[in-house]
Structures are given as C-alpha cells and as structure tokens.
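Heavy atoms only: backbone and side chains are in, while hydrogens, waters and symmetry mates are out. So that the names make sense, note that chain A is the first sequence line, chain B the second, and so on, each numbered from 1.
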Number of protein chains: 2
Amino acid sequence: MSTKPKRALSGCPIDYALSVLGDRWSLLIIRDIAIKGSKTYADLLDGWEGISTNILAQRLRHLEENGVIRKRKNPANWRSSLYELTPKGRDLAPLLAELVLWGGKFNDARDPKTETYASVRSDRQGFERKILGEESA
Amino acid sequence: MSTKPKRALSGCPIDYALSVLGDRWSLLIIRDIAIKGSKTYADLLDGWEGISTNILAQRLRHLEENGVIRKRKNPANWRSSLYELTPKGRDLAPLLAELVLWGGKFNDARDPKTETYASVRSDRQGFERKILGEESA
DNA sequence: ATTTTTCACTTGCAATATGCAAGTTTATAG
DNA sequence: CTATAAACTTGCATATTGCAAGTGAAAAAT
C-alpha cells in the first residue's frame with residue numbers, strides 16, 4: 001500500500017483498504033496502538049521493529065487523514081500527544097485477528113512471539129472486544 | 001510490506017504476515033486469483049488496477065517463494081502457465097473477507113464496486129468456502 | 001538566569017523500489 | 001521465413017525509504 005497513490009483507485013473495496021493500510025508499516029502502527037497499548041509518538045518509535053522517525057510521522061499523518069487514528073493532547077501531560085484509534089480504526093479488530101491467526105500459523109521466525117497468537121486462538125471474541133471497546137463516536 | 005525485507009523480522013505474527021503480504025500489490029494479485037479467477041500471467045496483467053509487468057513478475061516470484069501461490073503448466077495449453085493458491089494461500093480467505101468488509105464499509109471511491117462487498121455480507125461462509133475449496137495439499 | 005532535557009517532529013541525502021516502455025525467448029501457425 | 005503469443009527481462013527516470021542529524025518550544029535542573 002502506498003501512502004498517496006497517484007493512480008486512481010479502482011473502486012474495489014480491497015483496493016481502497018490497501019490504499020489506506022497497504023504498506024509495510026501502517027498495520028504495525030495500528031497493532032502497537034490497538035494491541036500493545038502504545039499511545040505517544042515515543043512509544044510508537046520504539047516498537048519491536050524499529051521504524052524510523054520520518055516514516056512514522058508520515059504514516060501517522062496518512063492514517064489520521066484517512067480517519068483511522070486521531071491525535072489528542074494528553075490531559076495529564078499537556079506536552080505529549082496521545083494517538084488513539086477512531087471507530088473506523090477499531091473496526092479493524094477482526095482484520096487484525098485474522099492477520100495474527102494467519103501469521104501465527106505460518107510464521108517461521110527463529111523466535112516467534114506466540115503470545116498474541118495464543119490469545120487470539122483461545123479467545124478471539126475477547127481479543128476483538130478489547131480493541132472495539134465501547135461503540136461510541 | 002516489502003518483498004525482501006532487509007531488517008530482521010521481529011517474531012510478531014503480524015510482522016511475518018506483512019513481510020509476505022504487506023505491499024501495495026500482493027493482496028490485489030491474491031484477490032485476482034482467489035476471487036476474480038485469474039489464472040495466467042496475462043489475466044493478472046490486465047486486472048482493474050493496471051500493475052506493471054516487472055512488478056507483477058517480482059511479486060509472483062515472492063509469493064511463490066513464500067508458499068502462497070504456485071505455478072503450473074496448463075495441461076490444456078502447454079505454453080501457458082497457471083497460477084493458483086496453495087493451501088497456505090487459500091487460508092487467506094478469512095483475511096480477504098475482512099478486507100472486503102472493512103474496505104466496503106468505508107470505501108469512498110466515486111464509483112465503488114459493491115458486488116464483492118454485497119456477496120461477503122450476504123454469505124460470508126459461502127465466500128470463504130469458494131476460496132478454501134477442498135482441503136487438500 | 002542559564003543550561004539541559006523532553007517531546008514531537010523535520011530535513012538532507014544516499015540507497016532502494018516503482019513504473020513505464022521496449023526488448024527477449026521459445027515455439028507454433030500461416 | 002515471417003508473424004504471433006505467452007511470459008517475462010532490461011533500462012532508465014522518478015518516487016519512496018531509511019538513517020542520521022537537526023529543530024522548536026517549554027519545563028526542569030543547576
């Protein structure tokens with residue numbers, strides 16, 4: 001997925017989804033917010049995969065422009081911002097679950113992180129509900 | 001997703017999944033094979049989005065190396081090859097369904113293609129079964 | 001009062017990836 | 001022989017990525 005596709009979208013829902021999410025980083029950022037509980041720019045910068053700061057900023061902007069995440073001031077510490085999923089972003093919960101299931105099933109990494117995979121397998125409903133939270137705006 | 005990530009994978013199942021599928025084209029190719037029924041290189045070349053030939057070749061190689069698709073000779077017409085999903089590729093059926101549902105729900109294209117979205121909504125089981133086919137090797 | 005630290009980015013630049021057009025290969029059909 | 005078809009490959013200009021360093025604004029430390 002590209003962040004700003006030059007070509008027109010085809011109208012296919014998958015093409016649309018990929019125009020928002022289809023790159024190497026967007027879904028990892030969403031994972032960090034949705035599953036790991038990352039909230040600040042600094043949290044996101046030091047995720048497992050080591051995204052570089054310019055790419056992180058660019059992707060956050062793109063995801064915000066596309067209504068998947070939103071940025072707010074931290075009420076406790078005014079100088080930090082908090083990133084969070086919008087309802088549209090929370091609606092990605094089932095997609096995240098499927099990604100985890102497929103990735104976990106075929107993952108051939110030397111030292112796979114099996115925790116999330118196990119948790120989705122044992123209680124998928126719970127996993128999704130945790131991300132979906134209350135259905136507010 | 002990149003085709004050949006230089007950086008080591010983190011072990012996270014999502015990171016693994018994205019190392020295979022996380023780019024602008026791979027899932028569109030898989031969609032064309034799984035949903036549209038494209039089988040040959042030429043079929044795939046003239047999909048809705050207009051992938052260029054070098055990128056198509058590169059992605060097919062990557063997907064094949066990662067066990068998602070396989071290439072065979074066409075028994076009827078020996079000089080054409082047929083691309084098809086492996087069991088690992090067919091296991092993407094639920095992920096494709098979720099992509100369609102999410103993409104279809106939020107798609108803001110001028111002229112959205114709503115057919116697949118409608119079909120997944122009305123009969124998700126049937127949609128997935130059509131891709132999963134018989135559970136063979 | 002000055003220096004340091006923190007947070008959230010931006011900027012510069014080299015390396016890599018993408019996209020377009022044209023060319024290649026192999027083999028049969030006319 | 002010449003043309004056609006299928007599946008790619010190659011060249012090259014442009015776009016995107018990634019690394020390292022820098023910026024700005026305000027609070028905390030000295």
Side-chain angles (χ1 to χ4, degrees), chain A residues 1-10 15 18-29 32-33 38-66 69-84, chain B residues 1-10 15 18-29 32-33 38-66 69-84:
Chain A
M1 36 246 65
S2 66
T3 52
K4 281 191 180 175
K6 290 288 154 54
R7 72 171 169 75
L9 299 182
S10 69
D15 190 38
L18 292 177
S19 77
V20 179
L21 309 168
D23 68 278
R24 193 79 182 73
W25 292 106
S26 294
L27 282 163
L28 293 175
I29 293 170
D32 281 355
I33 298 176
S38 301
K39 291 180 187 340
T40 67
Y41 191 91
D43 289 345
L44 292 166
L45 246 194
D46 102 311
W48 292 322
E49 289 87 5
I51 189 172
S52 41
T53 174
N54 53 342
I55 303 297
L56 175 59
Q58 185 184 124
R59 289 296 184 274
L60 287 172
R61 203 179 312 126
H62 179 68
L63 289 172
E64 198 178 1
E65 282 167 4
N66 281 275
I69 63 176
R70 96 168 55 123
K71 184 173 33 169
R72 289 193 323 173
K73 288 285 159 196
N74 185 342
N77 175 358
W78 64 268
R79 65 186 189 166
S80 90
S81 293
L82 300 181
Y83 289 96
E84 59 189 21
Chain B
M1 339 142 175
S2 67
T3 53
K4 279 190 182 177
K6 288 290 153 51
R7 71 171 171 76
L9 298 182
S10 69
D15 190 38
L18 293 178
S19 77
V20 179
L21 308 168
D23 68 278
R24 195 76 183 76
W25 292 106
S26 294
L27 282 164
L28 293 176
I29 292 170
D32 281 355
I33 298 176
S38 301
K39 292 183 190 334
T40 67
Y41 191 90
D43 288 345
L44 292 165
L45 247 194
D46 100 310
W48 293 322
E49 289 87 6
I51 190 172
S52 42
T53 174
N54 54 342
I55 304 297
L56 175 58
Q58 186 186 121
R59 289 294 184 276
L60 287 172
R61 202 180 313 127
H62 180 68
L63 289 172
E64 197 177 3
E65 282 166 5
N66 281 275
I69 63 175
R70 102 170 49 125
K71 183 172 37 168
R72 289 191 324 172
K73 288 287 159 195
N74 184 342
N77 175 358
W78 64 266
R79 65 185 186 166
S80 92
S81 294
L82 300 181
Y83 289 95
E84 60 190 20

**Q.** A:S38 and A:D32: side chain donor to acceptor below 3.5 Å
**A.** no
Q. Is there a side-chain contact between B:V20 and B:S26 (heavy atoms, below 4.5 Å)?
A. no
**Q.** Phosphate-side-chain proximity, A:R79 and C:dT5, N/O vs OP1/OP2 below 4.0 Å
**A.** no
Q: Name the residue closer to the 5' end of DNA chain C, choosing between A:R61 and A:N77 according to the nucleotide with the nearest heavy atom.
A: A:N77
Q: For A:S19 and A:H62, work out which heavy atoms get closest and say how close.
A: O-NE2, 3.2 Å
Q: Return the value, rounded to whole Å, for the distance between atom CZ of B:R7 and atom C1' of D:dC19.
A: 15 Å
Q: Specify the separation, in whole Å, of atom CD1 of A:I51 and atom P of D:dC19.
A: 11 Å
Q) Any side-chain N or O of A:K73 less than 4.0 Å from the OP1 or OP2 oxygen of C:dA8? A) no
Q | Rounded distance in Å - CH2 (B:W78) to P (D:dA5) | A | 14 Å
Q) If only side-chain N and O atoms of B:Q58 are considered, is one of them under 4.0 Å from the OP1 or OP2 phosphate oxygen of C:dA17? A) no
Q.
Output the rounded distance in Å from NE2 (A:H62) to P (D:dT16).
A. 12 Å
(Q) Need one value for B:S80: base, sugar-phosphate or nothing, where a base atom within 4.0 Å counts as base even if backbone is also close, heavy atoms only. (A) sugar-phosphate
Q. Can you find a pair of side-chain heavy atoms, one from A:I29 and one from A:L44, that are under 4.5 Å apart?
A. yes
(Q) C:dC7, OP1 or OP2 - any side-chain N/O from A:Y83 closer than 4.0 Å? (A) no
Q: Please report, rounded to the nearest Å, how far the P atom of C:dA8 is from the NZ atom of A:K71.
A: 9 Å
Q: Find the distance A:L45:CG to C:dT10:C1' and express it as a whole number of Å.
A: 13 Å
Q. Would a 4.5 Å heavy-atom cut-off, applied to side chains only, mark A:I69 and A:R59 as touching?
A. no
**Q.** Candidates C:dG19, C:dC9, C:dG12 - which lies nearest the side chain of B:W25
**A.** C:dG19
Q: For the helix from C:dA1-D:dT30 to C:dG30-D:dC1, figure out the bend between the end axes, five pairs an end, and round to 10 degrees.
A: 10°
Q) Which atom names give the shortest non-hydrogen contact between B:T40 and B:Y83, and what distance separates them? A) C-CD1, 4.4 Å
Q) To the nearest angstrom, how far is A:I69 atom CD1 from C:dA8 atom P? A) 13 Å
Q. Closest to the B:N54 side chain: C:dG19, C:dT11, C:dA8?
A. C:dG19
Q: Could you say whether B:T40 or A:I55 is positioned toward the 5' end of DNA chain D, judged by the nucleotide with the nearest heavy atom to each?
A: B:T40
**Q.** Counterpart residues, salt bridge (Lys or Arg N to Asp or Glu O under 4.0 Å), relative to B:E84 (two or more places apart)
**A.** B:R70, B:R72
Q: Find the distance B:D43:CG to D:dA7:P and express it as a whole number of Å.
A: 8 Å
